[in-house]
Amino acid sequence: MSNQSVVVIGGGPAGLREATTVAELGQQVTLIEKRSYLGGMPIAENYSNLTPYFMQADEAMGAIISHLQSLDGVTIMTDTTVTACTGEAGNFSLAVQGKDGPASVEAGAIVLATGFQHFDPGRETQLYGYYEFPDVIALQDLEAMMKEGNIVRPSNGEPPKRVCFVQCVGSRDRQIGNEYCSKVCCGIASKEAIEIREALPDTEVFIFYIDMRMYGYWESQIYWPAQEKHHVQYVKGIITEVLPKNGQLLVRGEDTTMGRPMEVMMDMVVLSVGMEPSVGTREMSALLGVKQNKYGFVEAVNAPLDTVTTSQAGIFAAGAALGPADLEDCTSSGGLAAAKAIGTIRRSMAVAG
Amino acid sequence: MPVGGRKQEPAAFEKEEAVVRSTISGREWELPGMWNRMFEPRVLSGYTSGGFAKISAQPGGESLEWCYGCGKCVPVCPVDMVGEYGPRKIHRKVQTGMDLFSSPDLWLCTTCANCLRVCPKQVNMIDIMPAAREVAVADGNVPNELQDVFEKSFRYGNALGENARRRHAWAKDAGVPVRVLANDPGPVDVLFYVEDYWSYHPRGKQAAQAFARVATVAGVDWAILGPEEKTLGDSQRLAGEKGLFEALMDDVTATLDRYEFARIVTPDPHGLNALRKEYPKRGHTYDVSHYTQLLAPLVDRLPLVNRIEKKVTFHDPCYLGRHNGEYEAPRRLLEAIPGLELVEMLRCRENGYCCGGGGGGMWLDGFTANHTSERLSERRVREAAETGADILAVCCPYEVSRFEDAAKSTGNEHLKVLDIIELLDEAMGGKDAVASLAASGEPVAR
């Protein structure tokens, strides 16, 4: 006897779009979320505005959450983790641990949407002093400040006069083991740079980069306006180290187009941290027996023309569990995973008669 | 240099020449600026958006900060071939704290527009440079030789500082009558705007005389302003003297208003550019063309009886080609000359290499020499010589003198530099033959 319900693990942008699509197609869906609230990283990490459209994060995520809640056939389980999984495509049984103790959830197909976590810039090979200097912060720290409408140097509470972003922190690095580009940081740093310039018009903002990777429309949506309209200064050459000097931060690196060393004083340094598989992605992949790539993200075994099928029949993945992804990637793969999951269920029912 | 115990940053221009004295022998050596610049501090630390803000505050200066550093401009920048230059580099230097208004970099751009042709972000040095130079001009921070030309242009109405009354002196020896509107003010088809270098420069005057003969034989109804003509001042504008340009324009348009003509033809692509692009912005619109554009449609009716069995290469003037889109008319004239073999240089047409004369470069040879390894005209002459040509044909009044000097200084004296009009004149039999043909009263193309 096959089960007609789809289980989605993870309530971020990808999981929400996936669950919404399943419900809109008239199929039963259960969304399991470890946190006590839905919305994923944009909510958990206090994002201010989403990239690239500058939509307010709470509002945008709130809209999709309330839409999901309004649909029939939707079960949402927050504060819940999956502890075991048995069965096969068309007939899975998940043991879960929720607020009210252990329970069992049946599913015809499973979608893993457990997402990413920000790279920890304090890891020992990083020379940026993230934990040593209060005025060295990460992208999401600045997001949280902007959400409060209060961009200040953490060390003294004063608005910074000079801010720089350092790109590729925790990405494209063999030594760290993250050999991939995290794809979104160039755009997010540029978006945040624009927001600083708007909030603090007298503040100079610099972005130190190896390559600016502003793919597709991000070029004209974010990069060009940042430079041409908001006067953000892009400097090719990455920062090697950050040193404290006279109550400010001295950033040192090579200006590669000038071929000369640079030493520049800043009030605040923002590290453009990359994406790594979240603890949930690592744990759930192992628990479900889904193959992970060398970086710990879920491997899409039929890529590139099918981005959501995993090594386990009946189990699909969506969003940043599959690797670095922007919001549009997440919601797109969420939709595809919904279609694939429903396809699995319908085929199982046909076989079961 | 500490002066009276006070530290004073040396001004940019003073830094250029250095004298080094041996502590042992006391002997002194003069070193060119490039040695001096080798000892600039290595570490860059002046990163700022302030330089762009200052340049953007000038209308036309806005696009410098649009540069995203792709570097496409640098390999096509003529100045980078002979020095350390290029729009991308200027962008980077300004971002790292250079004050463009007091930098020698401000004066090296010839506004040749090859960078703009390839720039994906449309960083427009043709607007940026005059805008930034205007600030330096207002501050009195202009190389002396250029300031001298500004003053001459203001005082005499021409860049050479020549007497206005002698502006049409060349006409006497043209071999054909040249109508001067001041003396003979009736309606005319073509007002021939001779401009400075064809009016006064010895080699330019020869070209003007050749034009007079060819135009007369071609049956063109034409006349000149003579002593009333003043320079159109486009290169002075691009060199930063917008006020001078506008003052000249007031005089020029007042003169033009007094006469009745159908169109203006000029041998000077810089004048052409002013009349086509700048005058209409201020409400003065004329039908304007280059002399090659006047003659190209008439060439089949010219009696080109003398064969010129020579290999000829042609230098596209920046302000005729890239700035005003004409590449064919000069070539049609050259190809019509019997026996003449036209060979192209590596960089031609849209990618033509600048002679160094545009944007004020004509009047900055001394200054430029201190910042480059050789003149652009020398670089260009080498390229012309590489084609195996006997003759370098030109059709911009700046070029004959520039390239003749360069041919000598690079050891390419065998390369003759001739204006296309001189080649046409020669193909029609030369001065006496063409003059008598004109005097026969049977213009071939009326």
Side-chain angles (χ1 to χ4, degrees), chain A residues 161-165 186 190 193 196-197 200-214 218-220 222-237 239-240 243 245-246 248-267 269, chain B residues 37-75 77 80 83-98 100 103 105 115 119-125 127-128:
Chain A
K161 286 265 177 265
R162 290 167 67 88
V163 180
C164 75
F165 291 79
C186 285
S190 296
I196 294 174
R197 290 280 306 148
L200 305 171
D202 295 332
T203 298
E204 291 192 271
V205 182
F206 301 82
I207 295 182
F208 294 103
Y209 66 93
I210 305 173
D211 314 289
M212 283 310 290
R213 298 191 167 183
M214 306 294 285
W218 286 26
E219 184 81 11
S220 53
I222 320 171
Y223 186 16
W224 292 15
Q227 192 190 32
E228 295 175 6
K229 187 163 166 235
H230 299 282
H231 314 294
V232 175
Q233 301 301 308
Y234 288 85
V235 180
K236 186 169 171 66
I239 297 304
T240 309
L243 303 172
K245 189 175 181 184
N246 304 333
Q248 284 179 294
L249 298 164
L250 180 70
V251 303
R252 300 189 68 246
E254 192 210 8
D255 186 318
T256 59
T257 61
M258 300 294 273
R260 285 161 67 174
M262 56 183 170
E263 295 183 347
V264 197
M265 297 300 284
M266 292 291 157
D267 294 323
V269 174
Chain B
R37 287 191 292 279
M38 283 175 69
F39 302 107
E40 284 174 351
R42 286 286 300 158
V43 177
L44 297 170
S45 56
Y47 291 79
T48 178
S49 59
F52 297 125
K54 281 203 275 180
I55 295 163
S56 298
Q58 304 302 313
E62 301 85 353
S63 66
L64 182 60
E65 71 173 324
W66 300 358
C67 174
Y68 60 11
C70 74
K72 282 185 178 175
C73 53
V74 174
C77 174
D80 188 67
E84 186 64 35
Y85 202 67
R88 181 194 70 81
K89 295 179 187 180
I90 291 174
H91 171 265
R92 295 291 297 120
K93 287 188 203 170
V94 170
Q95 196 181 40
T96 55
M98 179 183 84
L100 182 61
S103 162
D105 280 2
C115 55
C119 178
K121 292 287 294 289
Q122 295 183 323
V123 174
N124 189 340
M125 299 307 279
D127 289 343
I128 295 164

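All values reported here derive from a predicted model rather than from experimental measurement. Lettering of chains follows the sequences in order, A, B, ..., and the numbering in each one begins at 1.
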Could you give the distance from [atom1] ([X]) to [atom2] ([Y]), rounded to the nearest 0.5 Å?
X: B/Glu65; Y: A/Gln227; atom1: CD; atom2: CD; result: 7.0 Å
X: B/Cys70; Y: A/Lys236; atom1: SG; atom2: NZ; result: 11.5 Å
X: A/Met258; Y: B/Arg42; atom1: CE; atom2: CZ; result: 10.0 Å
X: A/Thr257; Y: B/Gln95; atom1: OG1; atom2: CD; result: 8.0 Å

| field | Residues B/Ser49 and A/Gln233: side-chain donor-acceptor under 3.5 angstrom | value |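 Per modelled atom types, B/Ser49 and A/Gln233 side chains form no pair under 3.5 Å.
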| task | Step through the shown structure and confirm whether more than 12 heavy atoms of other residues, nucleotides or ligands are within 6.0 Å of NZ on B/Lys121. | result | yes
| task | Quickly, which of A/Met266, A/Met265, A/Glu263, A/Met262 forms a side-chain contact (heavy atoms from CB on, under 4.5 Å) with B/Tyr47? Name it, please. | result |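 When side-chain contact (heavy atoms from CB on, under 4.5 Å) is applied between B/Tyr47 and each of A/Met266, A/Met265, A/Glu263, A/Met262, only A/Met262 qualifies.
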| query | With a 4.5 Å heavy-atom cut-off, do A/Met212 and B/Tyr68 have their side chains touching? | reply | no
| message | side chain to side chain contact (heavy atoms under 4.5 Å, CB included), that's the test. Do B/Arg92 and A/Val235 meet it? Break it down for me. | response | CA-CA 8 Å; B/Arg92 295 291 297 120; A/Val235 180; 3.7 Å; yes
| query | chain A: which of B/Lys93, B/Glu62, B/Arg88 shares the most heavy-atom pairs with it under 4.5 Å? | reply |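 That would be B/Arg88.
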| said: Let's test your reading of the structure: which of A/Val264, A/Val205, A/Asp255 forms the most heavy-atom pairs below 4.5 Å with chain B? | reply: A/Asp255
| Which atoms of B/Thr96 approach chain A - backbone, side chain, both or neither, heavy atom under 4.5 Å | side chain
| field | Proximal component of A/Arg252, with respect to chain B [non-hydrogen, under 4.5 Å] | value | neither
| Closest heavy-atom pair and its distance - B/Gly50, A/Glu204 |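 For B/Gly50 versus A/Glu204, the nearest heavy atoms are N-OE2, 3.7 Å.
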